Amino acid sequence: MYNIAIIPGDGIGKEVMSSTLEVLDGLDLDLSYEYGKAGDECFKKNGVALLDETIDLVKNSDVCLFGAAGETAADVIVKLRQIMDLFVNLRPVKSYPGTDSLFKDLDFIIVRENTEGMYVGEEEYTEDGAIAKRIITKEASERICEFAFKYAKDNNKKKVTAVHKANVLKKTDGLFKKTFYEMAAEYPDIEAEDYYVDATAMYLLTRPQSFDVIVTTNLFGDILSDEGAGLVGGLGLIPSGNIGKNNALFEPVHGSAPDIAGKGLANPTAMLLSAVMMLNYLDEQKSARLLNSAIFDVLKEGKRLTPDMGGNSSTMEMAKEVKSKLLERMGS
Ligand code: ATP
């Protein structure tokens with residue numbers, strides 16, 4: 001049995017979560033859910049966006065599924081990443097049928113360092129401006145590069161690309177690049193290469209098929225992940241994972257979308273694909289494959305899609321279609 005912490009959060013987070021749980025119900029797995037509160041609504045009621053009991057719930061679970069938080073997102077998700085030391089941000093870039101993907105054949109993943117770099121939040125004013133610290137440590141570089149190579153090995157990926165700007169940021173990114181190649185030496189079967197971040201931003205548009213696994217520091221990863229999302233269609237389609245040594249949290253990339261919340265208009269795909277990532281993390285590979293294929297079937301068929309994809313189905317109707325494809329596949 002898996003203990004899963006469920007945090008629906010705000011706005012469409014609730015709708016995409018309930019429809020995803022409806023689909024997971026079709027799997028042949030023993031999943032136990034405990035619900036936690038976090039986000040804007042929680043802040044209004046309790047004066048804090050993230051309750052201690054929610055933190056404990058996540059700490060004591062095997063894994064967490066998170067919907068969305070509104071204005072308080074930074075106080076919730078950034079805090080959870082820090083408290084749980086979720087040092088990896090994982091963002092797959094995959095083309096799905098029937099979507100606005102600029103390319104039809106993409107399947108790579110961005111592994112972003114989640115805890116340091118430009119986002120340590122150490123800024124100070126000076127007489128005529130301000131200074132931000134960019135912290136890169138050997139330890140954090142090592143563990144993120146190790147994760148990327150291990151991910152490549154476990155998922156039959158042939159190559160890992162380190163992205164940096166070591167020609168300008170000689171000390172910080174110099175350390176990151178050096179650590180990357182030290183780790184590469186431990187994985188001789190996997191090709192290792194590195195590019196500058198500016199060149200990578202261009203290659204993502206000119207030849208994105210050449211990437212397998214990209215590993216990079218916090219700010220560069222944040223920017224390139226959104227470029228990746230732009231390559232494969234709208235916000236409603238992109239899942240993500242935050243992974244640490246002992247725990248992980250999976251969430252759609254989109255936020256609470258207050259403009260469409262409560263109307264059944266939200267596309268559940270990003271949340272469903274986040275659940276696929278969760279199943280992969282739990283090493284339930286068969287269930288992950290089945291669910292992924294069922295989502296693929298529904299997108300390809302194009303009969304039960306939400307309005308953002310040109311359809312007229314509701315969030316739950318689309319999810320129920322995924323469930324029925326899942327059950328079909330499980331029966332066959
Ligand atoms: P937040 O403040 O929580 O980040 P936001 O509206 O600023 O919310 P997002 O929720 O990320 O930012 O989304 C931006 C817009 O994209 C939404 O207003 C909505 O129109 C659209 N959108 C986002 N997610 C979905 C989805 N799952 N299905 C359909 N449309 C979506």
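Given the structure is predicted, the values throughout are model-derived calculations rather than measurements. Just so you know, ligand 1 is whichever comes first in the structure, and atom 1 is the first atom listed for that ligand.
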Would you say Ala73 contacts ligand 1, with heavy atoms under 4.0 Å as the rule? no

Quick test of your reading of the model: are Lys325 and Glu301 salt-bridged, counting only N-O distances below 4.0 Å? yes

In terms of atom number and element, which parts of ligand 1 are under 4.0 angstrom from non-hydrogen atoms of Gly70? 3 (O)

Would you confirm whether any non-hydrogen atom of the protein falls under 4.0 Å from atom 7 (O) of ligand 1? no

Could you tell me whether the side chains of Asn292 and Tyr96 share a donor-acceptor contact shorter than 3.5 Å? yes

So which protein heavy atom does atom 23 (C) of ligand 1 come closest to, and at what separation? His254 CB, 3.8 Å

Would Asp25 and Lys323 pass as an ion pair if we require N to O under 4.0 Å? yes

Tell me which protein heavy atom sits closest to atom 18 (O) of ligand 1, plus the residue, atom name and distance to 0.1 Å. Asp259 OD1, 2.6 Å

Thr115-Glu113 side chain donor-acceptor pair, cut-off 3.5 Å: yes

Ligand-side contact atoms (ligand 1) for residue partner Gly255, heavy atom cut-off under 4.0 Å: 3 (O), 4 (O), 9 (P), 10 (O), 11 (O)

Residue and atom name of the nearest protein heavy atom (relative to atom 30 (N) of ligand 1), distance in Å to one decimal: Ile260 CD1, 3.5 Å

Ile83 side chain near Lys59 side chain, heavy-atom distance below 4.5 Å: yes

With respect to Glu71, determine whether any N or O atom, backbone or side chain, lies less than 3.5 Å from an N or O atom of ligand 1. no

Do any heavy atoms of Ala270 fall under 4.0 Å from ligand 1? no

Knowing that exactly one of Val16, Ile77, Ile7 qualifies, which makes a side-chain contact (heavy atoms from CB on, under 4.5 Å) with Glu251? Ile77

Closest protein heavy atom (residue, atom, distance) for atom 1 (P) of ligand 1: Ser256 N, 3.7 Å

If we only consider heavy atoms of Pro258, is any one of them less than 4.0 Å away from an atom in ligand 1? yes

Within the 4.0 Å heavy-atom shell around Ala266, which atoms of ligand 1 are there? 28 (N)

Starting from atom 16 (O) of ligand 1, which protein heavy atom do you reach first, and at what distance in Å? Leu235 CD1, 3.8 Å

What residue pairs, at least two apart or across chains, pass ring pair (Phe, Tyr, Trp, His ring centres under 6.0 Å) with a residue in residues 220-258? Phe250-Tyr281

What is the nearest protein non-hydrogen atom to atom 10 (O) of ligand 1, stated with its residue, atom name and distance? Ala257 N, 2.9 Å

Could you tell me, atom by atom, which parts of ligand 1 come under 4.0 Å of a heavy atom of Gly236? 26 (C), 27 (N)

So if I count the atoms of ligand 1 from 1 in the order they appear, which ones are less than 4.0 Å from some heavy atom of Ala69? 3 (O)

Any donor-acceptor N/O pair, Asn114 side chain to Phe87 backbone, under 3.5 Å: no

When distances are taken from atom 28 (N) of ligand 1, the protein heavy atom at minimum range is Asn267 N, 2.9 Å

Side-chain contact test, heavy atoms from C-beta onward, threshold under 4.5 Å: evaluate it for Met309 versus Leu237 and give yes or no. yes

Heavy-atom distances under 4.0 Å decide this one: backbone, side chain, both or neither, for Ile12 against ligand 1? side chain

For Tyr196, give me all partners under side-chain hydrogen bond (donor to acceptor under 3.5 Å, both in side chains), at least two apart in sequence or on another chain. none

Taking 4.0 angstrom as the limit, do Glu41 and Lys14 come out as a salt bridge? yes

Should Pro8 and Tyr35 count as side-chain neighbours, where that means a heavy-atom distance under 4.5 Å? yes

Checking contacts now, so for atom 21 (C) of ligand 1, which I'm interested in, is there any protein heavy atom under 4.0 Å? no

